[in-house]
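Order of listing sets the numbers, starting from 1, for every ligand and every atom in it.
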Amino acid sequence: MINLKEELNQNTTVEKIQNKLFASAKEGTLFVANQIKTLIEEKASKGEQAILGLATGASPISLYKELVKMHKKGLSFSNVVTFNLDEYYPMDPKAVQSYHRFMEEHLFDKIDILKENINIPKGTLTMDEIPEYCKRYEEKIDELGGIDLQILGIGRTGHIGFNEPGSTFRSFTRLVTLDKKTRRDASKDFKSIERVPRKAITMGVGTIFKAKSIYLMAWGEKKAQIISKAVESDVSHLIPATFLQNHPNATLIIDEPAASDLKRIKTPWLVGDCEWTEKLTIKAVCWLSEHLSKAVLKLTDEDYNEYGMGDLIAQMGSAYELNLDIFRHLRDTITGWPGGKPDTGGQRRPERTHPFPKRSLVLSPHSDDDVISMGGTFIRLIDQGHEVSVGYMTNGGMAVHDEDVINRLSFMRHFMREFNIKEEKVEDFSVKIKSFFQSKDSSTIDLTEVLEIKSLIRKREAQSAYRFCGVDDDNAYFLDLPFYKTGKAQKKSISDEDVKRVKDLILEIKPHQIFVAGDQSDPHGTHQKCFEIFKTAFQEIIDEGQKWIKDCWVWQYRGAWLEWPIDQIEMVVPLSPDEVAKKRSAILKHVSQKNGGVYPGDDLREFWERVEDRNRNTAELYNKLGLPEYQAAEAFKRLIF
Ligand code: F6R
């Protein structure tokens, strides 16, 4: 019989590029920032210039923040020359989406770099000027002795800079056409894909390759797939980042979610010896069960041996015992009582029986995550008699179409006319808003009044959804966190006020359980920020020595994008067909999010469709593993402080 473990070891498990895995993006960022600091200081001590290659996008934002901090503590950038990778074409440098403006706002305006040392490809050239300009850009880098340290991000296409699939190893600075996937990803900044420029000027793969050292940073699970390709695939122009495998000094800096598709993380038992923790054992057994399409209780010693888990069987005694162990674990995650079941004895259940009823607080980053991600559980908690409160962390107004604003104003005008209510002011107001929309382009930030209306629309929709689920107005809180209120996809940094508002709410309710969005993959980072704010607030309450907080359990749900992997699920709440229908009705109260949201992302299904598929898949997965067959299920993971 073939030993699969050995075969895979030879063929597919080799990581072909150096990578450094950090527990968090913060730690990875700090590592890169320190490399830059050392370079700048070393060069300064020799009276030389440090030549940096810089990237834009979401990935390096925290790096620039760190560099600004270092500058405030004394690091000077007066000996630094920078070359940015790229700029959209055409692009006005003042536009919100321009990489010129991005660099000014995130870094250049906050450090002492000399203006003449900043180089960013120009988006305002005429077509005729581009070839000569690109040649000069390239020459200028060479004349300075080449880039000492190049920062890169990676696109979902595997692009580095804007070198999309098909770019050759010998490509240099030039005008390129953007891939559709890249334009779709950029549509969050331009509000629609049609407005994203089709072209860009970018350094080539050859330009990047000339850099003396390269750090490619990737954070979050949405990068996981492309990172595994960049690390494990052969060099190919179809994934431009693979070219870096041949660079003598290129390192990928990744956090755990971005590394999650690497074979050594995803299926380490196929790669080498494992330390069998409880979580890893669950992961491996469920993987084997799915892979062989066999229920957990049907797996045999032979199955385990064949797939690199012989040592696990040796440790556990036999497949029979291991299977039972995992089966029992999975069974005990299932409960129809997310607030704990009253009057039950010693059975193992995910939530405690006492106290009953509980005070439950659902924290929702946007105004619809409560019903999208845990609508079924939300309704059950209320129906089972718990005192449920809901806190909407941001106003979510960014996701409202301009057209909806016009429609609501028009409704109001007609309503006032119909009932003889004085309407001149509304009329004037409507004219003002309409003419604003007519002059609005993709870089215009909405008027304060427009932002306010959009936020009102979302709040009223949330109200009709929570009322439908059975929550009173007295138990609903709109926190309107300040970090969200920029009018742009790019949000502000977290402030004390953000934390205070969440903390005050927790202190007011003193919940026994809190449900919070713990996902890391929402496209604009709002969920991540809300999660950070929650964790800081909760930790502050612990640090203040409040005793009751020790008895407050925190359950994390995931946003609309992905479900928790099976090994991380600690509570799963099955939903009947009727409950699925009720949950859908609650989601559909968010009328402004129907018929193509402002930010549909890559997934064009509506939210209720995505979540129904996801909840059905979770139920099906449990069933395939050999557990009962449910219509749908919502999954949670506990967060322990
Ligand atoms: C930006 C650039 C791009 C980005 C890449 C990842 O200057 O050249 O290659 O680095 O698209 O973008 P984020 O970091 O936003 O995921």
Selection from Glu87, Lys223, Lys222 by shortest heavy-atom distance to atom 12 (O) of ligand 1: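 Of the listed residues, Lys223 has the closest heavy atom.
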
Best match, Ala58, Gly53, Gly155: closest heavy atom to atom 15 (O) of ligand 1: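 Comparing heavy atoms across Ala58, Gly53, Gly155, the nearest one to atom 15 (O) of ligand 1 lies in Ala58.
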
Stepwise side-chain hydrogen bond (donor to acceptor under 3.5 Å, both in side chains) test for Asp179 and Thr157: CA-CA 8 Å; Asp179 190 282; Thr157 58; 5.4 Å; no

Any N/O of [X] closer than 3.5 Å to an N/O of ligand 1?
X: Gly57; value: no
X: Leu85; value: no
X: Asp86; value: yes

Cation-aromatic face contact Lys491/Tyr484, 6.0 Å, 45 degrees: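 Because its charged atom sits under 6.0 Å from the ring centre and within 45° of the axis, Lys491 does stack over Tyr484.
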
Quiz item: cation-pi between Arg136 and Tyr133, 6.0 Å / 45°: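 No; the conditions do not both hold, so Arg136 does not lie above the ring face of Tyr133.
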
Aromatic contact, Phe108 with Phe77 (centres under 6.0 Å):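 No - the distance between ring centres of Phe108 and Phe77 does not fall below the 6.0 Å cut-off.
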
Ring centre gap for Tyr88 and Tyr99 strictly below 6.0 Å: yes

Under 3.5 Å: donor-acceptor pair, side chain of Ser187, backbone of Phe190: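 It does not hold such a pair.
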
Atoms in ligand 1 with a heavy atom of Ala55 nearer than 4.0 Å: 7 (O)

Looking only at protein heavy atoms, which one is nearest to [atom], and what is the separation?
atom: atom 10 (O) of ligand 1; answer: Gly153 CA, 3.3 Å
atom: atom 6 (C) of ligand 1; answer: Ile154 O, 3.3 Å
atom: atom 5 (C) of ligand 1; answer: His159 NE2, 3.3 Å
atom: atom 1 (C) of ligand 1; answer: Thr56 OG1, 3.1 Å
atom: atom 9 (O) of ligand 1; answer: Gly161 O, 2.7 Å
atom: atom 14 (O) of ligand 1; answer: Ser59 OG, 2.4 Å

Structural part of Thr182 in contact with ligand 1, heavy atom criterion under 4.0 angstrom: neither

4.5 Å side-chain heavy-atom contact, Tyr137 and Ile201: no

SB check Glu41 Lys37 (cutoff 4.0 Å): yes

Lys210 and Asp142 ion-paired at < 4.0 Å: yes

